[in-house]
Amino acid sequence: MAASVVPATPGSIARAAALLRSGQLVAFPTETVYGLGGDATNDAAVAAIFAAKGRPRFNPLIVHVPGLGEAEAIAVFDERARAVARRCWPGPLTLVLRRRPDSGVSLLACAGLDTVAVRAPAHPVAQALLRDAGRALAAPSANRSGRVSPTTAAHVAAELRSGAALILDGGACAVGIESTVVDLTAPRPVMLRSGGVTVEQLATVLGRIAETVGEPVPPRAPGQLPSHYAPRLKLRLDAADAQPAEALLAFGPDVPAGFAAVLNLSERGDLAEAAANLFAMLRRLDRREFSGIAAMPIPERGLGRAINDRLRRAAAPRRSPRFS
Ligand code: TXA
Ligand code: MG
């Protein structure tokens, strides 16, 4: 059964909330990327999320809530965690905290860990859905495991042919890359995934933040796997000139000539605009008529760090299927 895409309206959001309460899955927009949501307190719903994504492993999922009040019923907040949440929520920030023993959240959603990742998304459709559903929603990005995250409802429909009972269409995601994941379970905050909130923004509340480098064993976040967010075509970074039949993912006003196709992340060199375009443009260039995708260099500051992180992982050697 192919999932139906419906415009997000109060009526369709109410229908989606009822489906979620009955244990079904709904794809919905957030300001970062589209999520595939299920009742976080329902093990069967959480298991269905893993099945729909074809995840090779039970990686822990982000538990979405409307705000800090609901988050405090799930995770243990200290003053530092509250301060960050007040500054950045609702918004593209996920906090990893100790799970409350009485949280009610499915252990499968937390991969059996005694920690939980929580986030209050800013998108009005996500907010309305969470409030209507009246429960926390486990929601990874609504793509097949290891693939580019969806930033439109059409991407979700192409990725997940079945699995979601409904796809709520709330337009293109404004941020376009996933939330920043920060682990606050130790005295020193650790950034597990760069994303929509920048280190510079976090540093104003948290001070110095350690960044995980390389591949921790075992990986704590799937976004930390070297090959992730991958298009099917080979991706080449820091490209300056063209190879035959190659497509270019450009950035800024000075675009080299000779490419078979060019999509510009941001002609004016704006990193927020580039982040919002990243996954959609990678998808549009991922076509068998091209020999590969070349990406121009992106400055390593602000949201540029998160963009470069995604591009490096998309370019990493891998064994996943290409066009056959
Ligand atoms: O922007 C986003 O965060 C999107 C939207 C839908 O909210 N969601 C998303 O979820 O990207 P997902 O499942 O694709 O990524 C969740 C990230 C992973 O890197 C995961 O390993 C990490 O959060 N994570 C979740 N729970 C964790 C935990 N208890 N400890 C450490 N990392 C955790
Ligand atoms: Mg993902």
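Ligands are counted one by one from 1 in listed order, and the atoms in each one are counted from 1 as well. This is a predicted model, so every value here is computed, not measured.
Of the candidates T32, D183, L192, it is L192 that places a heavy atom closest to atom 31 (C) of ligand 1.
The side-chain hydrogen bond (donor to acceptor under 3.5 Å, both in side chains) test applied to R305 returns E211, not counting sequence neighbours. Under the rule for a salt bridge (Lys or Arg N to Asp or Glu O under 4.0 Å), D43 has no partner lying at least two apart in sequence or in another chain.
Ligand 1 has no atom lying under 4.0 Å from any heavy atom of N59. Contact between R99 and ligand 1 is absent, with no heavy atom of the residue lying under 4.0 Å from the ligand.
For ligand 1, the polar-atom distance check finds an N/O of H64 within less than 3.5 Å of one of the ligand's N/O atoms. At least one N/O-N/O distance between R119 and ligand 1 falls below 3.5 Å. Inclusion of S141 in the set of residues having an N or O under 3.5 Å from an N or O of ligand 1 is warranted. Considering backbone and side-chain atoms together, T115 places an N or O closer than 3.5 Å to an N or O of ligand 1. Backbone and side-chain nitrogen or oxygen atoms of R193 are examined, and one is located within less than 3.5 angstrom of a nitrogen or oxygen of ligand 1.
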**Study point:** Worked check of side chain to side chain contact (heavy atoms under 4.5 Å, CB included) between L184 and V96
**Key:** CA-CA 6 Å; L184 290 182; V96 174; over 6 Å; no

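R119 and T32 form a side-chain donor-acceptor contact under 3.5 Å, judged by distance and modelled atom types alone.
Each of R86, R100, R82 was compared with E72 under the salt bridge (charged side-chain N to carboxylate O under 4.0 Å, His left out) criterion, and only R82 meets it.
Within the 3.5 Å criterion, the main-chain N or O of P124 finds no donor-acceptor partner in the side chain of Q127.
Between R135 and E70 there is no salt bridge, since no side-chain N of the basic residue sits under 4.0 Å from a carboxylate O of the acidic one.
Residue contacts to the Mg ion (ligand 2): N143 brings no N, O or S atom closer than 2.8 Å.
Heavy-atom proximity to A139, at under 4.0 Å, picks out these atoms of ligand 1: 6 (C), 8 (N), 10 (O).
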